[in-house]
Amino acid sequence: MMIPTVNLVLFLSFVYGTLGSSCPASSPLSFYVEKLHNATEEIITDMQTIVLQSAAIANITSNQEGPPNVTTLYTALTATLNVTPTENGLDEFSDAFDVITDAYFKACYGPEEEKPSQSDAQSILTDFLSLLENRSDITRMRQLFGELSCLQNFSNASLSHVSKRSLIVADLSVCAMATSISLLYKCLDTNDQLDCIFNLNDPNNCTTTDGQPLYVKEKKHCLAFVVDTTGSMGAEIGHARDVIQHFLQSEENNITLCYVLVPFNDYGYESVANFKQNLDFDRIYDANYHSNISNQYPSFSMTNTSITVRGVNDLLTDVNSLTANGGGDCPEYGMTAILAAIDLIDGINRQKVQNEGKHNIIVLTDASAKDDSLYQSVIDAANAQDKPDVTVHFFYSGSGCGSDGFGHYEDIKNATGGVSVNQIDAANFQIFADFITGSYDSDSSKRKRRNTPNSCQYFQISHFVRRFSCLIETSSSSITITKPDSSSHNIATFANSFAVYKDTNPQPGNWRACVSSGTLQLSLTSSVSLELDVDYLKESENGELLPTKQLLPYACDTHTFTISSPQFSNISLAYPLYLEIIDNLNNVLEYAQLSECGGFLSGSLTLPHGSVQYQLRGHDIGGIPFTHVVPDSYITFDAPSIQVELKGKSTIVLNPGGTSLARIAVSNIKSGPKSLEASVSIIMHPQVNVNVDTMPFTIEPMQQEKELQITFDASETLTVGQTLAWSVVILDSCSNEPLMINFTAIVKPTIPFNVTSTSRSMISFEWLSPVDPTLGNITHYVLTLDYTNGTIATVNVSGDINQYQVNELSPYQQVYASIVAHSDNGETAEIAPIAVLTDQAEPGPVSQLATQSISETSVLISWSLPQEQNGIILFYEVSIMGLYNETHNSSVYNIKIDDLNPYTRYTAVVSAATSAGKGQPITLEFYSLEGKPGPVSQLATESISETSVLISWSLPQEQNGIILFYEVSIMGLYNETHNSSVYNIKIDDLNPYTSYTAVVSAATSAGKGQPITLEFYSLEGKPGPVSQLATESISETSVLISWSLPQEQNGIILFYEVSIMGLYNETHNSSVYEIKIDDLNPYTSYTAVVSAATSAGKGQAITLEFYSLEGKPGPVSQLATESISETSVLISWSLPQEQNGIILFYEVSIMGLYNETHNSSVYNIKIDDLNPYTRYTAVVSAATSAGKGQPTMLEFYSLEGVPNRSPSLTNHTILTSESVILEWNPPPVQHRRGFIQNYMVKVQYKQKLDIYNISETFLYISGLPKYSDINVLASISSSVGQGPFSRPYLIHIFTGVASAPQNFTATATSSSSVLLEWANPESPNGKILYYQLYFSNDNDTYQVLNFTIYENSYHFQDLDSREYYFIVNAINYAGTGDNSSEIYVSLSTSTAKPSANVAAVVVPSVLVICLVILILVVIAVVAFIYFKRGKGKKSIVLPYMKENYNFEHDEENGQRENKEMKKKEDHFEEEVELNEKD
């Protein structure tokens, strides 16, 4: 697996840079991170330097900010190579550069044994160019380029003459002569190879020499069709043909490795052994192989070489040949067919197909299985951990076989995570096929999870999911899918069986699928965008973490790792994040919680063995929990390989009733894991007791043998000549299964065999002739001696000799001795080896004697075993020879000696001891460490100047070593340290008159000794400049000058001299840190000069310029106004004579009907929105920072304007039916906009218009038509013009209610109708609005006719034949008039006559009429005189009797004239309201 690092450095440092580090700064991981950052920066900088040597992009670096990074390098490369930079292109480049950087890091910073050397450079360069030219392994090519970048220079003597120019030719082979990475880059650029190296174009453009793209995803999935071909499956077989043909022509074929076709039937073979004969055939097909094309071969083979891999053309032929036939009874042999399909997929000879493929088997049938008893075998085969990942789906036709239905097919479906569909047709097949092919890149594992049926199923989609597809099984006709944003839509099911829902850009969050009735089950496959790079680190002997070229560590070792991913921005670190390792059943074998360290995510894992996969578990940025298998993350950690060897003979010998010894050597031939705990057990015949001397034990890697001794105690009942099998079973802590190795043992007659004597160099053996009836005469003995050092000696001894002595042995040497007696009949007696040790002797000298000083009084003395141990080392004697001698014993290989004198010579004497005595001693001289010296003596100081002093001292009384130097520290305002090799030192650059402490200590190699201190003062000097010189203005004529002590006082400050430089100069002395200066001129520039003085004189002066405060300015001059219009005026002025500062603005206030204030930065201002012909006062004042000055005032009038408001008509008095008096009020003053010149009044009546121009506020109008309606409008005029007219003021002239209508008659026009007629009233007293009729049947109770009458007649119809009484009256503005005479009509006689109950109309007398007229004339004259006398005063007028109007009939019957009248009155009221608002 590729493990790039640049993404980790650049991406994680950005995403997690603000999180802080969870690892200590000095931890091995933090050091690793630092090295990786350094390596990344190095290669980017080096590579960009090479790229920027091109003149074509010399301008790129000019605008670059900060150090080079991946983006700037990409920009430089695209500029030189004429490639258009894109965001996606940067991602592709970063992926390629990750590989280069990772190889650079490992080559430069990895373990020493893995680093390439200069001698490797030429072979690396050759391999790099070969891979680049052949495009055979682009990843390895980029790794080699990274290694060459680490080496930088790779020249050799044979290429020293190569010039740079000779490399700039279009021939890739010439690049092999490059002597540095920069020259190689130029040569590659000339040959147009940089695009491929840095992945700057479409990855598919970096193709192999045969034109095939390098980035082709490996196919590993198979699709099997198991088809029932019995007679009832005719139509369904046709659908199967259609679907298989679709697969071969669609995109699914591009990701499918193989197809399997197994047609099954029932041919009557009912025994289990013959079940398979009920299959038509079982065949496997390569999805991209055509057998009818010459020189084309299958892309995979079978482990069973007798099975032929066919082409897709053969699949089409076989599918087209399928026919429905035979059958008979209902059940068929489907289980056998499914097992055959699984066996074919399992037999593919390709590891990734077995470990990583997702295989689907589709079964088409209309019957249950006759071989249903095999269903558990199918489940076991599909779910077995060591078999391919198989999911079995069923397409049913019909309802199966009676009550049995489809038997255990549903159990298989549920156990393997499959789906069942209750109808076989091409449409269903097509939809289902799309779903299962979508599972090929899903993150599902072999263990299928099926949810419990429910009416709703909930599932979560994280931010990693690019697309998902879910197959929903339900009997409902429709399914509602609800998204995280609560939007939902319905999808229909197929055949009330299933539906497939897809989303290619799903919303992250909680999803829901529900049915309105019944239940559903949901199978979800999702494609996640999750790339994970895990880098396992190698730990060196000193604990340092290093990058390693080893792709994967060994199983069972615990390793620190770092992890990176381009998708980490989708992860929330507010929750725990875990990296898990799972098997193909989704079992979590190991996991690690990830933590952040220096911009990295890291953890530690004990690695499992076998083929496993990574899984990431945590929460995404939306807080959605996720558990995602990392796509294509299959890895295999190499397991140990245990080897067991039987030492000596391959067959051990057992003697009845005797004891035998055997030795086995256990080793791990792999280089890992680091160590294994193991145990051993022996399986042997029950008549033999077995014992192993070491349990448990540790196995080291790399064939380091662990030898174990096994003791066999055989029973006396064993038979001579009997051969027994025995086994060694090794169970280590890493492997899942024990290792068993089989051996044999043979039972032989025994030989009495003894050791008679031993010495340090000799062993003497003695034996007796064996007694066994099967033996003949002993001809000779063969004595075998195994010296355990690889030497085995064989000695032939005559049959008449029964002893043998072995000489020239080493002390305490172990020898395994065995003897075989040969007889003349060919039979032998033999005894198993016995172990014999020679005697112990004094050991040889210890080796590797060394000392390690712990302190000046302690030392650790260590040694190793003597090369000649000569026995069991009982102890080691250690003597220390020096000022005094002491002796210690130790049972280990070191001892700590304390209480030494510092810096003293000692001799260590060490000897080993066995039971034979002490061996030869070995000596080693050493010095104890130096100690820290005592304090110096006679420390003194001598002042040279105010900045220099001489410090002196004498030697310490206790030197405790060689005095290397004296450390002199000066402690004061700041601290400084000096070293001196003599007994004094001059210290300069002191601050005058400053307290210092001199600290002096002597130093040896053990460190500084006890310091001694001395306080002193330096001499006084002139002080430095005062600090924080500042002024604080008190007023425009006073200032407070303040300062702080000089930072360098250099003595006691006696006084401060303060000089003020301005219009005049003055000097003052102050003993405090401030002084007040008075009598300044306002807003004037001054300079303050301040210096401090000590006894050494005045110090450096410091100056500060300042201005006295501004004052309030005087009044402005030449204030004037210039009218622009009746609403605008220009106000202007000049500067104040006394400005007293910077004029910030001028405040202009306008005082009038209302007040307003403006600010102006110039000498005039235009004032708008004035009221015409209004008196105003302009107030202008200037302002400085001190405030506003004295104001200047000027009164003025605005110009007259045209009035903008009309008079308000307030009242009218009706004098007679032909005359009226009007009254009004002028508009408010602000709306007159000048002096009122006159009023204009318009009077409109009966299409006439009278206009009056008057100066009074009332008007008498006469000569009007009687009882007319008039409209009155009024306006005013100023000297500028006339204002607007008021809205019409409507007046109805009336003098009272109308008299009764005249000449009221009734004529019966038929037996059911009457015509009523009348004349107008003699005295209408105003406008007649309408007439009202009343009728009665009994001359007592009258009813009102339910509508108004505007004519002088009315025709009653549809009346009953009876008597009727009628009355009529007129309505005017004053109300209801007098009733007419009552008239009587009898329809039965068709006659009409006046009612007897009604009095005759009485004609008013002339006298009465004259009297009324006289009264009215008098009233009119009196009123006129009253108005003339009361001019300008409000008159008492008759009220406008609007409340007497009755519009009920208008509203009820909607007659036109009264509606018009109502509109006019309403309009008038609206105008009055508007005038009031204005």
Side-chain angles (χ1 to χ4, degrees), residues 222-248 258-272 274-285 307-308 310 312-345 360-375 378 392-402 404-409 412-413 418 420-426 428-430 432-433:
C222 292
L223 181 61
F225 296 94
V226 176
V227 184
D228 183 349
T229 60
T230 56
S232 56
M233 288 289 292
E236 288 77 3
I237 291 174
H239 294 314
R241 291 195 198 97
D242 294 340
V243 171
I244 295 173
Q245 289 174 356
H246 160 77
F247 265 93
L248 298 179
C258 78
Y259 294 102
V260 171
L261 180 62
V262 184
F264 67 94
N265 207 299
D266 180 3
Y267 295 125
Y269 297 97
E270 296 183 357
S271 65
V272 174
N274 296 324
F275 276 173
K276 201 167 182 179
Q277 295 188 44
N278 292 294
L279 309 182
D280 293 332
F281 53 81
D282 54 326
R283 294 173 181 172
I284 189 166
Y285 311 85
I307 298 175
T308 302
R310 291 170 166 80
V312 287
N313 57 302
D314 302 314
L315 174 60
L316 289 173
T317 301
D318 289 344
V319 168
N320 290 330
S321 69
L322 294 179
T323 59
N325 61 86
D329 54 351
C330 186
E332 323 297 353
Y333 288 89
M335 298 293 182
T336 302
I338 299 172
L339 286 171
I342 295 175
D343 288 343
L344 284 172
I345 297 171
N360 289 276
I361 297 176
I362 300 175
V363 181
L364 295 91
T365 184
D366 61 355
S368 58
K370 185 172 288 187
D371 49 357
D372 202 48
S373 60
L374 298 178
Y375 83 94
V378 173
V392 185
H393 312 278
F394 294 89
F395 272 67
Y396 300 132
S397 178
S399 57
C401 299
D404 188 35
F406 291 101
H408 285 95
Y409 282 159
I412 295 173
K413 175 201 76 172
S420 59
V421 180
N422 294 322
Q423 183 176 340
I424 301 177
D425 61 40
N428 287 354
F429 233 156
Q430 178 59 56
F432 177 75

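In this view, D371 and T336 satisfy the side-chain hydrogen bond (donor to acceptor under 3.5 Å, both in side chains) rule, not counting sequence neighbours. Residues satisfying the side-chain hydrogen bond (donor to acceptor under 3.5 Å, both in side chains) criterion with S397, sequence neighbours excluded, are E236. Judged as a side chain to side chain contact (heavy atoms under 4.5 Å, CB included), and not counting sequence neighbours, the contacts of D280 are T229, P263, N265, Y267. In this structure R283 satisfies the salt bridge (charged side-chain N to carboxylate O under 4.0 Å, His left out) test together with D318, sequence neighbours excluded. For Y409, the ring-ring contact (aromatic ring centres under 6.0 Å, His included) partners at least two apart in sequence or on another chain are F394. Every salt bridge (charged side-chain N to carboxylate O under 4.0 Å, His left out) that D282 has, sequence neighbours left out, goes to K276.
Under a 3.5 Å cut-off, the side chain of N320 and the backbone N or O of L316 do form a donor-acceptor pair.
D343 CG to I338 CD1: the interatomic distance, rounded to the nearest 0.5 Å, is 12.0 Å. Note that SG of C222 and CD1 of I284 are 5.5 Å apart. Values are rounded to the nearest 0.5 Å. Interatomic distance, SG of C258 versus CG of L315, reported as 10.5 Å (0.5 Å rounding). Distance CE/M335 to NE2/H408: 7.5 Å, rounded to 0.5 Å. A distance of 6.5 Å separates CD1 of I237 from OG1 of T323, quoted to the nearest 0.5 Å.
Between K413 and V392 there is no side-chain heavy-atom pair separated by less than 4.5 Å. Using a 4.5 Å heavy-atom threshold, the side chains of L223 and F225 count as touching. Taking the side chain as every heavy atom from C-beta outward, M233 and D366 approach each other to under 4.5 Å. Side-chain contact check for V260 versus V262: some heavy-atom pair is nearer than 4.5 Å. Counting heavy atoms from C-beta on, the side chains of F264 and V226 come closer than 4.5 Å. A 4.5 Å side-chain heavy-atom check between I362 and L364 finds at least one atom pair inside the cut-off.
Between A324 and T230, the closest heavy-atom pair is CB-O, 3.4 Å. Contact between Y333 and K370 at its shortest, heavy atoms only, is OH-CD, 3.1 Å. Scanning all heavy atoms of the two residues, the minimum distance from L261 to Y285 falls at CB-CE1, 3.7 Å. The minimum heavy-atom distance between G334 and A369, with the atom names listed, is N-CB, 4.3 Å. Taking all atoms of both residues into account, the shortest heavy-atom contact from A367 to C401 is CB-SG, 3.6 Å.
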Would you sort out whether F275 and Y269 count as a side-chain contact (heavy atoms from CB on, under 4.5 Å), showing the intermediate values?
CA-CA 6 Å; F275 276 173; Y269 297 97; 5.9 Å; no
side-chain contact (heavy atoms from CB on, under 4.5 Å) between H393 and N360, worked out:
CA-CA 7 Å; H393 312 278; N360 289 276; 2.7 Å; yes
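For the residue pair N274/S271, the side-chain donor-acceptor check at 3.5 Å is satisfied.
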